[in-house]
Structure formats: C-alpha cells, structure tokens
Amino acid sequence: MATLDFFMNTFEGQVAIVTGAGRGIGEAIAKRFVELGARVAVVSRTESNSVKVAESLNAIRPDSAKPYAVDVADFDAVQKAGEQILADFGRCDVLVNNAGITGFEQGVVAHDPENAELEDWRAVHATNLDGTFLGCKHAIRAMRRTGKGSIINISSRSGVVGIPGAAAYASSKAAIRNHTKTVALYCAEQGLEVRCNSIQPAAILTPMWEPLLGEGPDRKARMAAFVADTPLRRFGQPVEVAAIAVLLASDEAPYMTGTEINIDGGILAGSVAVSGSTAGSADLAQTTK
C-alpha cells in the first residue's frame with residue numbers, strides 16, 4: 001500500500017490521541033500519525049496491547065508514543081487519562097475516537113431488536129457512544145489551550161443502514177454520526193477552530209475477522225463470501241482508513257467539519273450484478289470495522 005508522501009512532516013510538533021489503538025484500525029491510524037511526525041498517545045483497554053503498539057511506534061521514531069490503559073466508557077478513567085496525557089505531552093491537537101465493540105466479543109449472543117437483552121444493548125452503547133461522547137468532551141476542553149484541533153470519530157456503514165442482527169452496534173454508530181455534527185456546530189459556535197468529522201468504514205480486514213475467516217484452505221472462499229455484496233469485491237485495509245484520518249486531521253482539510261466520509265468499497269453507492277453472490281453477507285460483514 002503506497003503512503004501519502006505529500007503529508008510528510010505535516011504533524012511535526014503535534015500530539016494525537018488514538019483510542020482503540022491496541023490493534024486493527026486504531027493501530028494503523030496511530031502508526032500513520034507517527035510516520036508523519038506526530039507524537040501519539042496510544043489508548044487501549046488492554047494494557048498489554050497499548051504497550052506493544054507504543055513500543056512498535058517508538059521503534060519507528062524514538063519517544064514518539066506512550067501507552068495508556070483506559071476503558072473509554074469509564075468517566076473517571078477517561079478524565080484521569082486525559083489529565084495524564086496533557087501532563088505527559090502538554091497539548092492535544094488530534095483525537096481519534098476509534099474504540100468500539102460489536103457486542104459479539106465474548107461469543108454469539110442475540111442482538112436483534114426482538115431478542116437482545118438490555119444489558120447487552122447498554123454495554124455496546126457504553127463503549128461506542130459514551131466513549132465517543134467522553135472523548136469529545138475532554139478533547140474540546142484540551143483544545144481550548146490552542147483554540148484549534150481536529151476530532152475524528154469512527155462511525156460505520158452500519159450507522160447509515162439498519163443491521164437486523166446487530167441492532168445495538170448499528171444504533172450506536174448512527175448516534176456517533178449525529179453527535180459528530182453536534183460537536184462540529186458547537187465548536188464553530190464557540191469560535192474555536194476545532195473541527196469534528198466522522199469516518200464510516202464497512203468491512204475492514206482487522207483481527208476481529210480472524211475467528212470467522214480461519215486459517216484453513218477455505219479462507220479465501222470465506223473472505224470472498226463476506227464481501228460478495230461489496231462492489232469492489234474485497235475487504236478494506238486499516239491503512240486505507242488511516243489515510244482518511246490523517247487527511248481530516250491535516251491542514252489540507254481546514255474547511256471540513258461536521259462531515260462524514262464513507263470507506264466501504266462502494267456498498268452505499270448501490271449494488272452491482274455479482275455472480276454467485278451470497279445474499280445478506282454484507283450485513284454480517286458490516287458489524288465489524
């Protein structure tokens with residue numbers, strides 16, 4: 001995957017906070033910011049993951065990253081982490097609210113509108129929506145120090161359309177889209193140059209997919225089935241989402257706020273004739289990012 005060389009050194013002297021950075025999309029975004037000169041706060045609920053990623057980033061550029069173990073749904077933990085990050089780095093220029101769950105992390109449970117349990121519904125919203133709310137809340141206050149900054153919320157294709165088997169996930173991602181617009185308007189109203197935008201990925205090949213894809217000889221066939229309803233007929237790559245994140249955070253996009261960018265292989269554009277398509281596979285595919 002080619003890098004965006006025209007962004008080189010864009011983020012020198014800046015600090016980016018990336019949640020859910022212990023793997024997948026968050027890790028790719030954190031890496032891209034480091035490659036482009038930023039220092040990064042690597043936030044993950046799992047301490048070992050945040051430490052591992054921070055070490056890999058420091059191998060790219062020494063002293064460019066620090067790890068933080070934070071449950072983004074915990075108000076006190078987020079506030080404490082925010083204070084520590086500001087103490088460590090002195091500023092916050094970019095926040096990427098990427099941390100999220102599908103609700104299927106501990107196995108298959110009912111997440112359809114009829115059979116989902118309230119506890120499971122609330123758990124998904126606590127991480128996905130409450131975590132985004134808390135991140136935005138504290139980022140705005142931190143960015144008042146300089147009067148400018150960029151907040152990027154990771155929504156999903158599932159926040160645009162209904163997902164019958166993942167109601168909580170779809171609901172939380174739809175709410176993130178709307179909250180993004182609210183934050184953008186609020187910051188403009190406050191006279192702050194703090195922009196807030198959202199990215200809406202569809203099926204991105206992250207570690208979440210591994211249990212479904214497996215390592216056997218039928219892996220390629222499984223992958224093809226999951227993206228059969230996607231016009232480009234392939235999974236997206238985390239680095240492709242990272243490219244959009246650095247664009248939105250950069251000075252190349254100063255007039256973009258309250259907007260949303262789809263990265264979905266064309267699936268929201270409509271449908272194309274696909275020989276041997278597996279009906280409904282895209283819905284399952286969009287429950288992860």
Side-chain angles (χ1 to χ4, degrees), residues 20 24-26 72-73 97-133 153-181 198-214 218-219 221-236 238 240-241 260-289:
I25 291 174
V72 298
N97 282 312
N98 169 72
I101 62 174
T102 63
F104 299 106
E105 284 73 17
Q106 305 305 317
V108 177
V109 296
H111 268 289
D112 62 85
E114 180 181 8
N115 299 297
E117 297 292 340
L118 183 59
E119 179 181 4
D120 294 329
W121 168 274
R122 286 176 171 169
V124 172
H125 282 81
T127 294
N128 297 0
L129 182 55
D130 294 357
T132 296
F133 160 72
N153 297 325
I154 305 299
S155 179
S156 171
R157 176 262 187 183
S158 299
V160 183
V161 299
I163 305 296
Y169 183 79
S171 171
S172 68
K173 291 299 184 176
I176 288 171
R177 291 177 61 210
N178 189 270
H179 191 62
T180 296
K181 300 175 190 298
S198 67
I199 301 174
Q200 296 169 176
I204 307 299
L205 192 59
T206 68
M208 287 183 178
W209 281 96
E210 292 309 315
L212 292 172
L213 299 177
D218 59 348
R219 178 182 172 90
R222 288 176 179 271
M223 291 181 69
F226 278 120
V227 296
D229 295 336
T230 300
L232 291 187
R233 320 261 219 290
R234 70 171 177 87
F235 281 87
E240 294 175 301
V241 182
E260 48 198 32
I261 296 181
N262 300 322
I263 175 166
D264 62 0
I267 199 166
L268 285 173
S271 60
V272 295
V274 180
S275 177
S277 172
T278 302
S281 64
D283 279 353
L284 177 57
Q286 310 320 321
T287 63
T288 57
K289 60 176 183 288

List the atom of [X], the atom of [Y], and the distance in Å for their closest heavy-atom pair.
X	Y	answer
G20	A99	N-CB, 3.7 Å
R222	L213	CD-O, 3.3 Å
A170	S158	CB-O, 3.2 Å
I204	P201	CG1-CB, 3.6 Å
A73	A126	CB-O, 3.3 Å
A203	V227	CB-CG1, 4.4 Å

Check: Less than 6.0 Å separating the ring centroids of H111 and Y169?
Finding: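 Ring centres of Y169 and H111 not closer than 6.0 Å.
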
Once rounded to the nearest 0.5 Å, what's the spacing between atom [atom1] of [X] and atom [atom2] of [Y]?
X	Y	atom1	atom2	answer
I154	T132	CD1	OG1	9.0 Å
S155	N98	OG	CG	11.5 Å
D120	H125	CG	NE2	12.0 Å
I176	S156	CD1	OG	9.0 Å
E105	I101	CD	CD1	5.0 Å
I163	S171	CD1	OG	12.0 Å

When you compare the side chain of [Y] with that of [X], does any pair of heavy atoms fall below 4.5 Å?
X	Y	answer
D264	T230	no
T206	P238	yes
P231	I267	yes

Margin query: Under a 4.0 Å threshold between the charged nitrogen and the carboxylate oxygen, would E260 count as salt-bridged to R157?
Written below: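 So R157 does not pair with E260 through a salt bridge.
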
Notebook entry, point to check: F133 and N97: side-chain contact (heavy atoms from CB on, under 4.5 Å), yes or no, with the steps?
Noted result: CA-CA 9 Å; F133 160 72; N97 282 312; over 6 Å; no

Item checked: Test log, rule side-chain contact (heavy atoms from CB on, under 4.5 Å), inputs V72 and D130 -> CA-CA 8 Å; V72 298; D130 294 357; over 6 Å; no

Check: Do you see a donor-acceptor pair shorter than 3.5 Å between the side chains of N128 and S172?
Finding: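 A pair is found: one side chain offers a donor N or O, the other an acceptor, under 3.5 Å apart.
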
Check: Looking only at side chains, do T180 and N153 share a donor and an acceptor under 3.5 Å apart?
Finding: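 There is such a pair (donor and acceptor under 3.5 Å, judged by atom type) between the side chains of T180 and N153.
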
Notebook entry, point to check: Under the side-chain contact (heavy atoms from CB on, under 4.5 Å) criterion, do Q200 and I263 qualify, and how do the steps go?
Noted result: CA-CA 6 Å; Q200 296 169 176; I263 175 166; over 6 Å; no

Check: So with a 6.0 Å cut-off around CZ of R122, is the heavy-atom count from everything else above 12?
Finding: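 It does not: R122 CZ has 12 such atoms or fewer within range.
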
Notebook entry, point to check: Listed by chain and number, what are the salt bridge (Lys or Arg N to Asp or Glu O under 4.0 Å) partners of D112, not counting sequence neighbours?
Noted result: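 So D112 forms no salt bridge (Lys or Arg N to Asp or Glu O under 4.0 Å) with any residue.
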
Next item on the list: Check step by step if side-chain contact (heavy atoms from CB on, under 4.5 Å) holds for R177 and V160.
Entry: CA-CA 9 Å; R177 291 177 61 210; V160 183; 4.0 Å; yes

